[in-house]
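Shown next, in structure tokens, is the structure this report addresses.
Atoms considered below: every heavy atom in the structure, side chains included; atoms not considered: hydrogens, waters and symmetry mates. Order of appearance sets the numbers: ligands from 1, and atoms from 1 within every ligand.
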Amino acid sequence: MTSPPEAKTRELDALIIGAGFSGLYQLLCLRDRLGLSVQVLETAGGVGGTWYWNRYPGARCDSESHAYCYTFNAELMREWQWSERYPEQPEIMRYLNHVADRFDLKRDIRFNTRVASAHYNEAANRWHVRTEAGEEFTATFLITAVGCLSTANVPNIPGLETFAGRWYHTGQWPHEGVDFSGQRVGVVGTGSTGIQAIPVIAETAAHLTVFQRTANYSVPARNVPLTEDFKRWVKENTAEIRHATRATPNGHPFFISERLAVSTPVEERQALYEAAWEKGGLQFRATFQDLLVDKEANDTAAAFIRGKISEIVTNPATAAKLADIDHPYAAKRPPIDTDYFETYNRENVSLVDVRAAPIEWITPQGIRTREGDYPLDIIVFATGFDAMTGPLLRMDIRGRNGLLLKEAWEAGPRNYLGLQVAGFPNLFTVTGPGSPSVLCNMPVAIEQHVEWITECIAHLRARDLARIEPDPDAVDRWVDQVNEAANATLLPLATHSWYLGANVPGKPRVFMPYAGGMAHYRQICSDVAARGYEGFVLS
Ligand code: NAP
């Protein structure tokens, strides 16, 4: 018998981790625009990133379809037709597969491949990457495109392993789907995901019990099929749509009103909220300019939504629990919904307040709270993610002198512009903490980061430079700016939000995304590059 071939280390210019929106575009830019040798490694069996995993019932994007797409290619924008105001998960998957096929990207993506470790070798100035299957790669540049919401947070509730029924986390949903018909279902969690899934699960479950810890605001999405007129308008206005998403703080194709809630007469203000409620969607937040910076202004929006909850939900006790919201409107990521509050008027749906009586145990039969037992056949955890840092820190990433990223970030993420970490040369983090990312319409944030990284690498290569990393002083200044930007808003007042890492026990409480606005952030990054990558050390 001949001996097996020796495992070979593949040498690359760049290695990208992840094949979602970020990884696909980063591959296209580095391979086709710069001519680099590039490999993408992806855990999933296909492209799609977060959309590959989040297949729960009702999964749909909250950004409007005509702006939830790449804009780097006008032809691509014109040839793809979305069918609804908000794209559903399967349609987004079709879109990303279309992009991957159209630009022949899949040949450089290794699916079903999880990265175990990435170590920087200073002498060689190369990243040494190992997969869980033991394959090895080295690359000059390492780019993480791992997404912000891709590490499922399953709460550590005692007894889960004894549960006799089935349980699922929405972010790891089985591809074959779940049949709820005739089942007693419990949903834990009322964030954006729970709020999308609950109305759909209620349609087929025998009974649905919602376990709510923190009540949440929600505004109707008003999803509709797109008219032919609208589809034509999109094709004729690709440049304008692209421009609008680049000019607004959240990367959405609508502008924030210049009116202030506090100085608008009460009746007029109410009429504007009514109109925004009828229109639906995240625009509700744009009704007034001061909603996210002035608590008094925010209180008017919060009162309006609470009033809507009491109007819609017929059982006063249920309405009171749903409206008992402890944070300013939109200080946590604001959900939008289809019949969320209406669902509590169904006979087969009940609401349990697990703030008043916390979940204590999962028994073989169901969920036990301090007040009682709820027998269940299926438990759905819509309990969110170890957001932003989780996907990075679960890998063994080591920079200079073996410094572990997890140790460097022990007290919370520290980097420059959300793009690079001191001591980790040539590592770029697409939509990393410290960048606008989750506070922005994601494809807009992603395109900006990917293009900045691409231009940066082109700049290095054109000048025969081998390395880029941030100056630690620039990191300190940027961390201060991220904190200042958050503190200028009401966002930190939601003290238990995932923006702060508060949803994961033991995670440092640091406001992670940059809240100074996408348009402003884009300008900062462009200025840094124009000044010869100010704040970075190039060598
Ligand atoms: P999330 O916003 O973190 O919400 C998780 C929910 O689970 C919260 O209600 C939380 O309560 C609850 N929870 C967590 N652990 C619990 C426990 N041990 N016991 C009881 N309740 C518990 O997660 P998500 O809803 O998955 O959304 C995460 C983000 O994903 C969103 O904010 C959004 O950015 C994105 N997303 C987007 C879309 C879209 O575009 N359509 C859809 C879904 C998600 P507490 O609030 O008390 O912690």
- [ ] Report the member of Leu439, Asn216, Thr190, Asp337 with the shortest heavy-atom distance to atom 9 (O) of ligand 1.
- [x]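 Heavy atom nearest to atom 9 (O) of ligand 1 belongs to Thr190.
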Open item on the list: Nearest non-hydrogen contact with atom 37 (C) of ligand 1 belongs to which option: Arg355, Arg333, His169?
Closed with: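 Minimum heavy-atom distance to atom 37 (C) of ligand 1 goes to Arg333.
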Task: ligand 1 contacted by Val438 (non-hydrogen, < 4.0 Å) - done: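 Contact check Val438 vs ligand 1: negative.
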Task: Proximity flag Phe385 to ligand 1, non-hydrogen atoms under 4.0 Å - done: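 For ligand 1, residue contact (heavy atoms, under 4.0 Å) with Phe385 is present.
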Open item on the list: Between Glu451 and Tyr25, is there a side-chain donor-acceptor contact under 3.5 Å, judged purely by atom types and distance?
Closed with: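 Side chains of Tyr25 and Glu451: pair found under 3.5 Å.
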TODO: State whether a side-chain donor-acceptor pair under 3.5 Å links Thr338 with Asn223.
DONE: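 Side chains of Thr338 and Asn223: no pair found under 3.5 Å.
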- [ ] Could you walk me through whether Arg355 and Asp326 pass the salt bridge (Lys or Arg N to Asp or Glu O under 4.0 Å) test, one step at a time?
- [x] CA-CA 11 Å; Arg355 162 123 328 146; Asp326 67 355; 3.1 Å; yes
Open item on the list: What verdict does the salt bridge (Lys or Arg N to Asp or Glu O under 4.0 Å) test give for Glu447 and Arg522, after you've listed the backbone C-alpha separation in whole Å, the side-chain angles of each residue and the deciding distance to 0.1 Å?
Closed with: CA-CA 11 Å; Glu447 279 192 334; Arg522 179 189 301 277; over 6 Å; no
Quick one: look up the protein heavy atom nearest [atom] and list residue, atom name and how far away it is.
atom	answer
atom 20 (C) of ligand 1	Val188 CG1, 3.5 Å
atom 27 (O) of ligand 1	Thr193 OG1, 3.8 Å
atom 4 (O) of ligand 1	Gly191 CA, 3.6 Å
atom 11 (O) of ligand 1	Arg213 NE, 3.7 Å
atom 46 (O) of ligand 1	Lys332 NZ, 2.7 Å
atom 23 (O) of ligand 1	Gly384 CA, 3.1 Å

[X] neighbourhood, listing ligand 1 atoms whose heavy-atom distance to it stays under 4.0 Å:
X	value
Ala382	5 (C), 6 (C), 7 (O)
Pro155	18 (N)
Gly189	6 (C), 7 (O), 9 (O), 12 (C)
Gln196	41 (N), 42 (C)
Trp498	1 (P), 2 (O), 3 (O), 28 (C), 29 (C), 31 (C), 32 (O), 34 (O)
Arg60	39 (C), 40 (O), 41 (N)
Thr214	45 (P), 46 (O), 47 (O)
Leu149	29 (C), 30 (O), 34 (O), 35 (C)

Contact check: [X] vs ligand 1, nitrogen or oxygen atoms, below 3.5 angstrom:
X	result
Thr170	no
Asn153	no
Ser63	no
Ser192	yes
Asp62	yes

TODO: Grab the two heavy atoms, one from Ser22 and one from Val450, that are nearest each other, plus how far apart they are.
DONE: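 Smallest heavy-atom distance, with atoms named: O-CG2, 3.8 Å.
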Open item on the list: Ignoring hydrogens, what is the shortest heavy-atom contact between Phe254 and Thr248? Give both atom names and the distance.
Closed with: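 So the minimum-distance heavy-atom pair works out to O-CG2, 3.2 Å.
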- [ ] Can you measure from CG (Leu351) to OH (Tyr344) and round to the nearest 0.5 angstrom?
- [x]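 One finds 5.0 Å between CG of Leu351 and OH of Tyr344.
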TODO: Quick one: pull up CD1 in Ile17 and CD in Glu42 and give me the separation to the nearest 0.5 Å.
DONE: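 CD of Glu42 is found 10.5 Å from CD1 of Ile17.
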Neighbour count >12 (heavy atoms, 6.0 Å) for atom [atom1], [X]:
X	atom1	answer
Lys231	NZ	yes
His243	NE2	no
Glu410	CD	no

Task: Proximity to ligand 1 by part of Tyr56, non-hydrogen separation under 4.0 Å - done: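 For Tyr56, the contact with ligand 1 is made by the side chain alone.
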TODO: Would you mind telling me which of Thr389, Asn153, Leu393 makes a side-chain contact (heavy atoms from CB on, under 4.5 Å) with Lys507?
DONE: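 Of Thr389, Asn153, Leu393, side-chain contact (heavy atoms from CB on, under 4.5 Å) with Lys507 is met by Thr389 alone.
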- [ ] May I ask you to decide if Leu417's main-chain N or O and Tyr521's side chain share a donor-acceptor pair within less than 3.5 Å?
- [x]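 Checking the backbone N and O of Leu417 against the side chain of Tyr521, a donor-acceptor pair under 3.5 Å is found.
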Task: Under 3.5 Å donor-acceptor, His449 side chain and Thr431 backbone - done: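 It does hold such a pair.
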